[in-house]
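Whatever order the structure lists ligands and atoms in, that order sets their numbers, starting from 1.
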Amino acid sequence: MEANAQANRRIATITNHLLPPNFQEGGDVHLKRVDCRAKGGAPGFKVAILGAAGGIGQPLALLMKMNPLVSVLHLYDVVNAPGVTADVSHMDTGAVVRGFLGQPQLESALTGMDLVIIPAGVPRKPGMTRDDLFKINAGIVRTLCEGIAKCCPNAVVNLISNPVNSTVAVAAEVFKKAGTYDPKRLLGVTTLDVVRANTFVAEVLGLDPREVDVPVVGGHAGVTILPLLSQVKPPSSFSPGEVDYLTDRIQNGGTEVVEAKAGAGSATLSMAYAAAKFADACLRGLKGEAGVVECAFVASEVTELPFFATKVRLGRAGAEEVYQLGPLNEYERMGLEKAKKELAESIQKGIDFIRG
Ligand SMILES: NC(=O)C1=CN([C@@H]2O[C@H](COP(=O)(O)OP(=O)(O)OC[C@H]3O[C@@H](n4cnc5c(N)ncnc54)[C@H](O)[C@@H]3O)[C@@H](O)[C@H]2O)C=CC1
Ligand SMILES: O=C([O-])CC(=O)C(=O)O
């Protein structure tokens with residue numbers, strides 16, 4: 001009987017690096033502390049994911065755990081971080097995984113990080129615009145960026161939380177207020193627009209999407225998402241009907257997923273893929289690899305707006321070079337005017353949120 005009782009009693013053995021600072025042995029589920037021999041400090045970058053237990057956060061944690069450039073992976077959320085951390089930490093890849101739960105652990109999650117990826121915040125439901133998320137998500141982004149300014153002011157920040165067209169301005173204002181703002185290190189993630197554009201254009205051209213490169217500029221919402229089909233590689237021409245179809249599908253790709261999920265959220269898996277691809281590019285840049293170029297929503301002088309998405313070259317300092325738009329056709333010039341009008345308002349909304 002006693003043997004059975006013992007067998008039924010769940011005993012989990014958790015290594016020190018997974019334990020919260022206030023851990024005590026015992027309780028219904030018996031957690032045992034085990035001291036492991038220290039690992040010989042694998043070289044690599046320290047990466048934190050804020051919002052790691054969410055729809056994007058979980059698959060993104062999995063993908064970052066698989067990235068050989070990552071030596072330490074911090075998973076922070078206000079719910080369920082210990083479970084996701086225990087799960088991902090069993091993967092036999094190099095990165096050491098640590099979990100952090102709730103605001104009191106935010107500073108520990110951020111201290112020493114080289115790259116912070118932020119998919120924290122509420123997603124859309126059918127009928128909502130990304131801007132409808134502003135009220136909740138701007139506050140979340142403010143709190144998290146205050147933590148970054150305090151604990152890892154030199155980290156590169158990949159901001160995913162919507163509306164990106166406004167939250168990047170919120171983050172910039174928080175960093176300015178704290179005196180830590182470095183425009184090269186704050187990047188709004190628009191990679192999913194490029195990923196979608198590559199996929200849809202490849203379908204139309206009958207090519208493998210891995211061979212296709214579509215620059216997508218502007219911002220990350222509706223008409224602000226501006227695919228430059230005249231600059232597609234390999235060089236391709238499209239009929240007016242194809243241009244209309246592709247532009248509309250790329251601009252509304254997010255809504256396509258929101259409607260298909262019918263209330264269960266927005267893109268998570270393709271977004272985690274896109275975020276992991278972009279984070280990997282940032283890490284390769286930080287490492288000093290030459291010629292790493294991705295589209296991102298950054299501080300920019302390409303237009304009269306303070307932020308704009310274009311191709312940027314990623315290096316040791318973050319977005320080291322912001323590329324010009326290149327030649328646009330008439331259709332794209334008209335799209336650019338529409339995009340700038342909406343973008344200007346969204347950016348101002350983010351600035352006003354902090355400046356009041
Ligand atoms: N930039 C882009 O291309 C895309 C952006 N998104 C946006 O990403 C965000 C997250 O989307 P999902 O993962 O699907 O949402 P989700 O609701 O599944 O996950 C969000 C996570 O954030 C956490 N969270 C909430 N407040 C927090 C706080 N103060 N600190 C830390 N974590 C907090 C939640 O507990 C949850 O685990 C949304 O705003 C969504 O609109 C989504 C797809 C693409
Ligand atoms: O559409 C949404 O709400 C999520 C998102 O940004 C995207 O999938 O592009």
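Heavy-atom proximity to Val164, at under 4.0 Å, picks out these atoms of ligand 1: 1 (N). Of all the atoms in ligand 2, the ones that sit under 4.0 Å from a non-hydrogen atom of Ala267 are 8 (O). Using a 4.0 Å cut-off to heavy atoms of Val79, the atoms of ligand 1 that qualify are 35 (O). Heavy-atom proximity to Gly254, at under 4.0 Å, picks out these atoms of ligand 2: 1 (O), 7 (C), 8 (O), 9 (O).
Between Met271 and ligand 1 there is a heavy-atom distance shorter than 4.0 Å. Under a 4.0 Å heavy-atom criterion, Met128 is not in contact with ligand 2. Distances from ligand 2 to the non-hydrogen atoms of Leu192 include at least one value under 4.0 Å. Every heavy atom of Thr143 sits 4.0 Å or more from the atoms of ligand 1.
A cation-pi arrangement is absent between Lys287 and Phe45 under the rule of less than 6.0 angstrom and at most 45 degrees off the ring axis.
With Asn137 contributing its side chain and Asn162 its backbone, the two residues share a donor-acceptor pair below 3.5 Å. A distance-only check finds a donor-acceptor pair linking the side chain of Asp77 to the backbone of Ala53 [under 3.5 Å].
At a 4.0 Å heavy-atom cut-off, ligand 2 does not touch Asp193 at all. Contact annotation: for Asn162 versus ligand 2, heavy atoms closer than 4.0 Å belong to the side chain alone. Counting heavy atoms under 4.0 Å from ligand 1, residue Leu50 does not touch it at all. Within the 4.0 Å heavy-atom criterion, the part of Thr268 lying near ligand 1 is the side chain and not the backbone. The backbone and the side chain of Ala120 each have at least one atom closer than 4.0 Å to an atom of ligand 1 (non-hydrogen atoms only). Residue contacts with ligand 2, taken as heavy atom pairs separated by less than 4.0 Å, involve Arg196 solely via side-chain atoms from C-beta onward. Residue Asn137 touches ligand 1 through its side chain alone, judged by heavy-atom distances below 4.0 Å. Residue-level proximity to ligand 1 for Ile56 is carried by backbone and side chain together, each with a heavy atom below 4.0 angstrom. By the criterion of a heavy-atom distance under 4.0 Å, both the backbone and the side chain of Asn162 are placed next to ligand 1.
Of all heavy-atom pairs between Val298 and Ala319, the closest is CG1-CB, 4.4 Å. Between Ala109 and Ala48 the shortest heavy-atom distance is O-CB, 4.0 Å.
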Check step by step if ring pair (Phe, Tyr, Trp, His ring centres under 6.0 Å) holds for Phe353 and Phe134. CA-CA 10 Å; Phe353 181 74; Phe134 181 87; 5.5 Å; yes
When you look at Phe297 and His220, which way does the ring pair (Phe, Tyr, Trp, His ring centres under 6.0 Å) test go after all the steps? CA-CA 8 Å; Phe297 186 67; His220 180 67; 9.3 Å; no
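Side-chain N/O atoms of Ser230 and Glu332 include a donor and acceptor closer than 3.5 Å. The closest side-chain donor-acceptor pair between Lys261 and Thr268 falls under 3.5 angstrom.
Ranking protein heavy atoms by distance to atom 38 (C) of ligand 1, first place goes to Val122 O, 3.2 Å. Of the protein's non-hydrogen atoms, the one nearest atom 6 (O) of ligand 2 is His220 NE2, 2.6 Å. Nearest non-hydrogen protein atom to atom 18 (O) of ligand 1 is Gly55 N, 2.8 Å. For atom 3 (O) of ligand 2, the closest non-hydrogen atom of the protein is Arg124 NE, 2.6 Å. Nearest protein neighbour of atom 31 (C) of ligand 1, counting heavy atoms only, is Tyr76 CE2, 3.5 Å. The nearest protein atom to atom 43 (C) of ligand 1, hydrogens excluded, is given as Ala267 O, 3.4 Å; this is a heavy-atom distance. Among protein heavy atoms, the minimum distance from atom 26 (N) of ligand 1 is reached at Ile140 CD1, 3.4 Å. Closest protein heavy atom to atom 22 (O) of ligand 1: Gly121 N, 3.3 Å. The closest protein non-hydrogen atom to atom 9 (C) of ligand 1 is Pro119 O, 3.7 Å.
Within a 6.0 Å radius of CG in Leu207, more than 12 heavy atoms belonging to other residues, nucleotides or ligands are found. Crowding of Arg210 atom CZ: a count of heavy atoms from other residues, nucleotides or ligands under 6.0 Å not exceeding 12. For CE of Met128, the number of neighbouring non-hydrogen atoms (other residues, nucleotides, ligands) closer than 6.0 Å is greater than 12. Residue-environment remark: CE (Met91) exceeds the threshold of 12 foreign heavy atoms within 6.0 Å.
Of the candidates Arg313, Lys184, Arg185, Arg313 is the only one forming a salt bridge (Lys or Arg N to Asp or Glu O under 4.0 Å) with Glu320. Under the side-chain contact (heavy atoms from CB on, under 4.5 Å) rule, Lys65 has a single partner from Leu75, Leu73, Val47, which is Leu73.
Using a cut-off of 4.0 Å between Lys/Arg side-chain N and Asp/Glu carboxylate O, Glu304 and Lys340 are scored as salt-bridged. Between Asp132 and Lys125 there is no salt bridge, since no side-chain N of the basic residue sits under 4.0 Å from a carboxylate O of the acidic one. A salt bridge links Glu256 with Arg249; the closest basic N to acidic carboxylate O contact falls under 4.0 Å.
Across the listed options Ile49, Ile225, Val189, Asp77, Asp77 owns the non-hydrogen atom lying nearest to atom 24 (N) of ligand 1. Among Lys261, Glu259, Arg130, the residue whose heavy atom sits closest to atom 7 (C) of ligand 2 is Arg130.
The shortest N/O to N/O separation between Pro123 and ligand 1 does not fall below 3.5 Å. Between Leu133 and ligand 1, a contact under 3.5 Å exists for no N or O pair. Backbone and side-chain nitrogen or oxygen atoms of Ile160 are examined, and one is located within less than 3.5 angstrom of a nitrogen or oxygen of ligand 1. Looking at ligand 1, you'll find an N or O of Gly54 within less than 3.5 Å of one of its N or O atoms. Considering both main-chain and side-chain atoms, His220 comes within under 3.5 Å of ligand 1 through a nitrogen or oxygen pair.
Below 30°, between 30° and 60°, or above 60°: for Phe175 and Tyr181 the angle between ring planes is below 30°, a parallel geometry.
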